[in-house]
Amino acid sequence: MERNHLIKPTLDQHYPTISHGNGIYLYDIDGKQYIDGSSGAVTASIGHGVLDVVEAMTEQARKVSFAYRSHFTSGAAEALAKKLSELAPGDLNWSFFVNSGSEATETAMKIAIQHWQEKGFERKNRIISRWTSYHGITMGALSMSGHVPRRKRFVPLLEDFPSISAPYCYRCPHNNETSGCKLKCADELETAIQRVGSENIAAFIAEPIIGASAGAVTPPDGYYQRIKEICETYDILFIADEVMTGIGRTGKMFAMEHWGVTPDIFALGKGMSAGYTPMAATMITDRVMEPILKGSKSIMAGHTYSANPLSAAVSLEVLSYIERNGLVQAAEEKGQYLFKRLEGLAEKFDIIGDVRGKGLLLGLEFVSNRISKTPFDLQIGLTTRLVNKAFDKGLLIYPAAGAIEGIAGDAVIISPPLIITNEEIDTLVRILEASLEELQQELHTEGLMEDMQAI
């Protein structure tokens, strides 16, 4: 048997070899079909094999694929930056292009700190984040994250950034019912600022809807309005990590539009290039850029492939494709349909405790008892078991386990491409239903489901 040379996520696991994709489907070299029910890692938003994007890629490659940003700009990169400024709310008119979401959030952190340095506030260099969060795998991005399984190997190397609770209504950190919510989780930001001192804090960062670390946790109305108000009161920048939620995924071009709040800095990725090329961006308001323009006139960040002409051309065509085909509105409409279908599954399966999210970024959280909301221990591996069962049946879903302090809590994200039809949603739900049926029966057999009558 030939040895492996590629480092895969789990070294001793067998992975089928991908052959090709078409629409919402992927195919391995054995001909097996999979519904891409998670758009990969919530990335392939326009589906697979879109010829318009392939043609844009080919056209740019014929001209030039690479030019170093310190030597040249390019028409593709300039056009992409202009297009993003037109799409973004407020005065988010500046774009710094990178290659991944981790780089985008880390660049956002650096720009926030540099903004204050250029204004003479050298001590404003701390970032406040939320404990249940994931902003990326680089050291700076991981320092801003509260994703325990991804942090724990590197804790000694990470910055000790302060954190607050997430707006996790299903498991309210302040034990409030949603109907009586006083937005105490938002008010925690003010407490954290007062403890650390606003003179030491550059920015607050948050995912509009929490993805990988919690499975589409969505805040209550008024939450981000309160967060923005606190940031402005204490002269702290607000960074919205829209890497997973941006570019139509939630039924708005940017998820922050659901709450009518414009952040000071955006981090974008994933759906910006829809998986056709590595590309991400940090967007900055005129106000944040002003002291830098008047001062050093240079953002202290950069990568070899920043503003790569080929990736810029591909991303520009992705944005055009989304607009031409009305996919933002489609995400809202198809999301409502899928949400109702998932609620139907929750009525059938006792292990589904919560259905949440917006647009086509939806999550299911699993519990051993719906009345007490008792989570499964992570050692049971429930999320992995469900993901694997669905995979075997031809459905890809995204794992999101460990939201409860990294020691418990099982969830998955359902996030198919924005082009999905109602009929395809029905097929997706049928496969998910069969997977859940098999899993719940196993859990009963293993004695891992609590007796709800005893609670």
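What you see below is based on every heavy atom in this structure, not just the backbone, and it leaves out hydrogens, waters and symmetry mates. Just so you know, these numbers come straight off a predicted model, no measurement behind them.
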Does the side-chain contact (heavy atoms from CB on, under 4.5 Å) test come out yes or no for W116 and D235, once each step is laid out? CA-CA 10 Å; W116 294 114; D235 215 12; 3.5 Å; yes
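- For the pair M256/F238, a side-chain contact is recorded, criterion being any heavy-atom separation below 4.5 Å from C-beta on.
- To the nearest 0.5 Å, the span separating CD1 on I299 from CD on Q114 amounts to 4.5 Å.
- Shown here are the ring-ring contact (aromatic ring centres under 6.0 Å, His included) partners of Y134, two or more places apart in sequence or in another chain: H147.
- The structure places CG of D36 at 12.0 Å from CD1 of I397, a figure rounded to the nearest 0.5 Å.
- The aromatic rings of Y34 and F391 sit tilted, their planes meeting at an angle between 30° and 60°.
- Here the side chain of Q60 pairs no donor or acceptor atom with the backbone of A313 at under 3.5 angstrom.
- Note that CD1 of I127 is 10.0 Å distant from CD of E159, once rounded to the nearest 0.5 Å.
- A donor-acceptor contact shorter than 3.5 Å links the side chain of N308 to the backbone of S65.
- Judged as a side-chain hydrogen bond (donor to acceptor under 3.5 Å, both in side chains), and not counting sequence neighbours, K252 has no contacts.
- When all heavy atoms are compared, the tightest approach of V314 to Y276 is CG1-CB, 3.6 Å.
- Contact record, P167 with I210: CD-CD1, 4.3 Å, taken as the closest heavy-atom pair.
- By the 4.5 Å heavy-atom criterion applied to side chains, F254 and T245 are not counted as neighbours.
- Closest approach of M283 and S85 over heavy atoms only: CE-N, 4.0 Å.
- The closest side-chain donor-acceptor pair between E365 and Y168 falls under 3.5 angstrom.
- M300 is not listed as a side-chain neighbour of K110, based on a closest heavy-atom distance of 4.5 Å or more.
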Show your working on side-chain contact (heavy atoms from CB on, under 4.5 Å) between L432 and L342 and close with a plain yes or no. CA-CA 9 Å; L432 181 59; L342 295 179; 3.9 Å; yes
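- The minimum heavy-atom distance between T132 and A166, with the atom names listed, is CB-CB, 3.8 Å.
- Note on ring orientation: taking the six-membered ring where Trp is involved, the planes of Y27 and H20 are parallel (angle under 30°, cut-offs 30° and 60°).
- Using a cutoff of 4.0 Å between basic side-chain nitrogens and carboxylate oxygens, E118 and K294 are not scored as salt-bridged.
- Of the charged side-chain nitrogens involved, none lies within less than 4.0 Å of a carboxylate oxygen, so that E78 and K82 do not count as a salt-bridged pair.
- A salt bridge between R430 and E433 is absent, with no side-chain N of the basic residue lying under 4.0 Å from a carboxylate O of the acidic one.
- Distance check, rounded to the nearest 0.5 Å: CZ of F266 to OG of S95 gives 10.5 Å.
- A pairwise comparison of heavy atoms in F66 and P309 identifies CA-CD, 4.1 Å as the closest pair.
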Name each donor-acceptor pair under 3.5 Å that joins a side chain in residues 135-142 to protein atoms two or more places apart or in another chain, with its distance.
{"from": "H135", "atom 1": "ND1", "to": "D241", "atom 2": "OD2", "distance (Å)": "2.8"}
{"from": "T138", "atom 1": "OG1", "to": "E106", "atom 2": "OE1", "distance (Å)": "2.4"}

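- Under the side-chain hydrogen bond (donor to acceptor under 3.5 Å, both in side chains) criterion, E424 pairs with T421, sequence neighbours left out.
- In the model, Y337 has a side-chain atom that pairs as donor or acceptor with a side-chain atom of D426 under 3.5 Å.
- Distance CG/L310 to NZ/K63: 11.5 Å, rounded to 0.5 Å.
- A 4.5 Å side-chain heavy-atom check between P399 and T384 finds every atom pair outside the cut-off.
- Side-chain contact check for I164 versus I128: some heavy-atom pair is nearer than 4.5 Å.
- Using a 4.5 Å heavy-atom cutoff, the side chains of I209 and R356 are not in contact.
- Under the ring-ring contact (aromatic ring centres under 6.0 Å, His included) criterion, F97 pairs with no residue at all, not counting sequence neighbours.
- For R324 and D52, the salt-bridge test passes: some basic side-chain N is under 4.0 Å from an acidic carboxylate O.
- Under the 4.5 Å side-chain criterion, counting only non-hydrogen atoms from C-beta, S38 is in contact with S415.
- Checked against ring-ring contact (aromatic ring centres under 6.0 Å, His included), H48 has no partners two or more places apart in sequence or in another chain.
- Across L327, N325, V328, I247, a single residue satisfies side-chain contact (heavy atoms from CB on, under 4.5 Å) together with L418, and that is L327.
- Q33 CD to L395 CG: the interatomic distance, rounded to the nearest 0.5 Å, is 11.0 Å.
- S198 places none of its side-chain heavy atoms less than 4.5 Å from the side chain of T233.
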The test is salt bridge (charged side-chain N to carboxylate O under 4.0 Å, His left out); show your working for E229 and R226 and say whether it passes. CA-CA 5 Å; E229 176 188 328; R226 177 67 178 134; 2.9 Å; yes
Quick one: do D264 and K228 satisfy salt bridge (charged side-chain N to carboxylate O under 4.0 Å, His left out)? Show the steps, please. CA-CA 10 Å; D264 300 292; K228 180 66 170 175; 3.6 Å; yes
